[in-house]
Amino acid sequence: MPESDQQEFDPLLECLSILTKHYGKPFSHDSLRAGLPLENGKLTADLFSRAAERAGLASKTHKRELKDISPLVTPTVIFLKQRKACILIDIDHEEGKARVILPEAGDGVKRINISDLEEHYTGYTIYVREKHRYDKRTPTTLNIRSRHWFWGTILGSWRIYRDVLLASLLINIFVVASPLFVMNVYDRVVPNQAFDTLWVLAIGAIIVFSFDFILKMIRSYFIDLAGKKSDILLSSRIMERVLGLSMSAKPVSVGSFAKSLQEFESIREFITSSTIIALVDLPFTLIILMVIFILGGPLAYIPLFCMALIAAYSFAIQGPLKRSVEKTLRSNSQKNATLIESLSGMEALKIAQAESEIQYKWEKAVGHIATWSIKTKLLSSSASTISAYVQQMCNIALVAYGVFLISEGDLSMGGLIATVMLSGRCLAPMAQVAGLATRYNQAKSALDGLNQIMDMPVERPADRDYVHRPELTGSIEFDGVNFTYPGQEIQALRNINLRINSGEKVAIIGRIGSGKTTIEKLILGLYEPDEGAIRVDGIDLRQINPSDLRSSIGCVSQDITLFYGSIKENITLGASFVEDTALLKAAELSGVTEFANKHPNGLDMIVGERGQNLSGGQRQSIALARALLMDPPILILDEPSSSMDNTTELRVKEQLKKQCKDKTIVLVTHKASMLELVDRLIVVDNGKIVADGPKDQVHAALKQGKLKIE
Ligand SMILES: Nc1ncnc2c1ncn2[C@@H]1O[C@H](COP(=O)(O)OP(=O)(O)OP(=O)(O)O)[C@@H](O)[C@H]1O
C-alpha cells in the first residue's frame with residue numbers, strides 16, 4: 001500500500017522523508033514518526049528535529065527572511081502559509097530564482113521566482129544538515145562520548161545557571177551589608193549620636209536590601225525555569241526510551257518498574273530552587289568567612305570549625321542514610337508491584353479467594369517500609385538538629401571569645417555583633433546542605449535507577465542502519481533459528497528452518513508451550529534470535545526498521561489488550577489517520593459491526609480499561625479489525641477465534657477467505673475448524689518443527705501416528 005494512501009497529508013513529514021532520500025538514507029514515514037507525540041497525527045516543528053535525528057540529520061528552526069537564506073545552507077525546509085511546507089533546494093538571490101519541491105503538488109523540483117515564493121512564505125525555516133557518523137573502523141577511544149541523558153540536559157540550561165551564579169555572587173556580597181550596617185551604627189552612630197550618618201547608612205542599607213530582594217526573586221524564578229525546562233525534556237526522553245525498550249529488556253514487574261519511573265519526582269524536587277540555592281550559596285560562605293576574618297581576626301576560626309563539624313557529621317551519616325533510602329525505595333517498588341498486580345488481577349484473586357495472601361504481602365511490605373522510613377527520617381532530622389545545635393554553640397563561643405578580644409582592645413562592640421550575625425549567615429547554607437542529605441540520596445538512587453533504564457537495549461539503536469523497505473510483500477524465512485527467552489535456561493525454539501512464500505496460508509499447530517507463539521513473536525521482531533536468521537522478503541529482520549516491519553503485519557495476539565477509549569479508537573490504535581471507510585470495512589470483516597450496532601453508541605461505545613466492558617469474543621473481533629485495518633500483506637493470527645461462537649467464527653472465516661487471497665497468513669490454532677483457512681501445516685513440538693507440508697499429508701501422518709511428538 002502506498003504510504004500516503006490512507007493518511008492525511010503531513011507536509012513536514014513528507015519534506016523530511018524526501019530529505020532522507022536526498023541524503024542517501026531513505027526513511028519511511030512510519031519509521032520517522034514511530035513513537036513521537038504527534039499533534040493531530042502530524043509532525044510539528046519541534047517534533048521535526050526529533051524525527052530528523054532518527055535519520056541521522058540535525059535540524060534547527062530559524063526565523064529568516066528569504067533574502068537572508070544563504071544558498072550554502074540549502075536544502076532547507078521552509079514553512080508556507082496555510083500550514084504547508086516545502087523544500088528549498090537552492091536559492092539564487094542574484095537571479096531572483098529558487099528551486100523548490102512542494103510535496104503536496106507531487107510534481108518534483110520546480111523553479112520559481114523568489115518574489116512568488118515570498119508571498120506564501122511565513123518567515124520560518126528549518127535548517128537541516130547531515131550529522132557526521134563515525135564508522136566501525138573508528139577506534140572507540142576516539143569516539144566522542146554522547147551526552148549523558150541527564151547531565152547533558154541539565155547542562156543545556158548552562159546559560160541560566162551562569163546567570164544564577166552571578167546573581168548569587170551579588171546576593172552573597174549583600175549578605176555582608178546588614179552586619180556592617182549594625183556594626184557602624186554601634187561603633188560610630190551610637191557613641192557620637194551622629195544622626196546624619198545614621199540616615200545615610202539606613203538609606204544605603206534599604207537600597208542594598210531592595211536589590212537583594214529583587215535578585216533573590218529573579219534567581220528563584222530562573223532556577224525554576226531551568227528546572228521546568230529540564231523536567232519537560234527529561235520526562236519526554238525517559239518516556240520515549242521506555243516505549244522504545246526492546247522486549248528482551250522488558251521489566252520483570254510492571255509495578256516496580258513504574259515505581260522506578262515515578263522516582264523521577266525526587267530528581268525533579270532536587271533540581272528545584274530551594275535545593276539549588278543552598279548548593280549555590282555554599283561556596284560563597286568562603287567570602288563571608290573572609291569578612292569575619294577581616295572584622296574579628298581569629299574569631300573566624302570558630303565558624304570555620306563549626307562548618308567542618310557539620311560537614312563531618314553529614315558525611316558520616318551518608319552511608320547509613322543511603323542504605324535506608326535504598327531499602328525504603330526497594331520496599332516501595334515491591335509494594336507497588338503487589339498493588340498493580342492485584343488491581344489488574346482482581347477478578348482472578350476473588351475467584352481463587354486469594355485476597356488474604358495479597359493482604360499479608362501488602363502489610364508485610366508496608367511494615368518494612370515504615371521501619372526503614374523511620375530510620376531515614378531520624379537520620380535526616382538528626383542532621384538538621386545537630387546543625388542547629390552547632391550554630392548555637394558557635395554563637396556562645398563567638399560571644400565568649402569576642403568579649404576577651406574586646407577587653408584587650410582587638411575588637412569593637414559593633415565588630416562582635418557583626419561577626420555573630422555573619423557567622424549565622426555562614427553556617428545557614430551548610431546546615432541546609434546537611435538537611436538535604438536525604439533528598440540527595442533519594443535523587444541519587446532515583447538517578448541510578450533511571451540510568452539503568454536509559455542503558456537498557458532499545459529496539460532501534462541510533463547506530464543501526466536499516467534497509468529502506470516501507471512495503472513488504474510477505475515471504476518469511478527462518479534459517480537455523482535458536483531462541484531462548486531472556487533469563488530462561490531452556491530454549492523455546494531449536495534449529496527452526498522454514499520458508500513461507502508470499503501469499504501462502506500456513507497454520508502452526510502443536511501442544512501447549514511448544515513454541516508456536518514464540519515463532520510469531522520473532523516474525524514480529526519483538527525478540528531477536530540467539531542464532532540463525534529470520535528474513536522477510538529476503539532481508540534479515542535486523543535490517544528492517546521495526547516500524548516498517550510491523551506496519552506490514554496485521555496481528556491478532558493470544559492476549560488481546562484493549563485500551564480505555566471507544567471501539568473506534570481501539571481499532572484505529574496507532575493509525576488514527578485512517579479514513580472512516582477503511583475503519584467500517586475492517587469492522588464489518590471482523591464482526592465488530594454486528595455487536596456494535598446493538599449498542600446505542602455504536603463504534604463510539606467505551607470498552608473500559610483493558611476492554612473489560614466487552615466479552616472475550618468481542619475483544620477478539622476488535623483485535624481482528626485492528627489487524628485488518630491497514631490492509632497489510634502479512635497476517636499473524638494467534639487463536640483469533642478461540643472465544644467466538646460458531647456462527648461468528650464461520651462468518652469471520654468466510655470473510656478472511658474472501659478478502660485475504662493475496663495475503664500471507666500465519667495462523668496458530670488448536671481449533672480444527674480454523675484450519676480451513678490454510679493449505680499447509682507446520683507441527684511444532686518442544687521448540688522444534690516435527691512436520692511441515694500440505695495440510696492433508698500432515699493430517700494423515702498425524703492420524704496414523706507417524707509423527708513422533710514428545
Ligand atoms: N515471555 C516469556 N518469557 C519466558 N518464557 C516464555 C515466555 N513466553 C513463553 N515462554 C516459554 O516459551 C515456551 C514456548 O511458549 P509459546 O508461548 O511459544 O508456546 P505456544 O506453543 O504458543 O503455547 P500455547 O499453545 O499454550 O499458546 C514455553 O515453554 C513458555 O514457558
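Order of listing sets the numbers, starting from 1, for every ligand and every atom in it. Please read these numbers as outputs of a predicted model, since none were measured by experiment.
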Q. Heavy-atom contacts under 4.0 Å between Lys516 and ligand 1: side chain, backbone, both, or neither?
A. both
Q.
Are Lys695 and Asp679 packed together at the side-chain level, in the sense that at least one heavy-atom pair is separated by less than 4.5 angstrom?
A. no
Q: Pull out every atom of ligand 1 sitting under 4.0 Å from any heavy atom of Thr517, numbered as shown with elements.
A: 17 (O), 18 (O), 20 (P), 22 (O), 27 (O)
Q. Are any of the side-chain nitrogens in Arg330 or Glu326 under 4.0 Å away from the carboxylate oxygens of its partner?
A. no
Q) Purely on distance, is any nitrogen or oxygen of Lys521 under 3.5 Å from one on ligand 1? A) no
Q.
Give me the nearest non-hydrogen protein atom to atom 2 (C) of ligand 1 as residue plus atom name, then the distance to 0.1 Å.
A. Tyr485 CD2, 3.5 Å
Q | Numbered atoms and elements of ligand 1 in range of Ala492, under 4.0 angstrom, heavy atoms | A | 12 (O)
Q: Answer yes if a protein heavy atom lies under 4.0 Å from atom 29 (O) of ligand 1, otherwise answer no.
A: yes
(Q) Polar contacts were defined as any N/O atom of the residue lying under 3.5 Å from an N/O atom of the ligand; does this apply to Gly513 and ligand 1? (A) yes
Q.
If we ignore hydrogens and angles and just use 3.5 Å, is the side chain of Asn482 paired with the main-chain N or O of Asn495 as donor and acceptor?
A. yes
Q) Can you list the ligand 1 atoms lying under 4.0 Å from a non-hydrogen atom of Thr518? A) 14 (C), 15 (O), 16 (P), 18 (O)
Q) Under 4.0 Å from ligand 1, counting heavy atoms only, is it the side chain of Glu639, its backbone, both or neither? A) neither
(Q) Is a donor from one side chain sitting under 3.5 angstrom from an acceptor on the other, for Ser557 and Asp638? (A) no
Q. Do Asp692 and Arg680 come within less than 4.5 Å of each other through their side chains, counting heavy atoms only?
A. yes
Q. Of all the atoms in ligand 1, which lie at a distance below 4.0 Å from a heavy atom belonging to His670?
A. 25 (O)
Q | Within-cut-off N or O pair, Gly515 and ligand 1, under 3.5 Å | A | yes
(Q) Tell me whether atom 14 (C) of ligand 1 lies less than 4.0 Å from at least one protein heavy-atom position. (A) yes
Q: Taking all heavy atoms of Ile571 and all of Ala587, pick out the closest pair and write down the distance.
A: CD1-CB, 4.4 Å
(Q) Strictly below 4.0 Å, N to O, side chains only: are Asp479 and Arg535 in salt-bridge contact? (A) yes
Q: Considering heavy atoms of the protein only, find what lies nearest to atom 27 (O) of ligand 1 and give residue, atom and distance to 0.1 Å.
A: Gln558 NE2, 2.7 Å
Q) Charged N to carboxylate O under 4.0 angstrom, Arg54 versus Glu240? A) yes
Q) How are the rings of Tyr527 and Tyr485 set to each other: parallel, tilted or perpendicular (split at 30° and 60°)? A) perpendicular
Q.
Under 4.0 Å from a heavy atom of Ser514: which atoms of ligand 1 are those, numbered in the order shown and with their elements?
A. 19 (O), 20 (P), 21 (O)
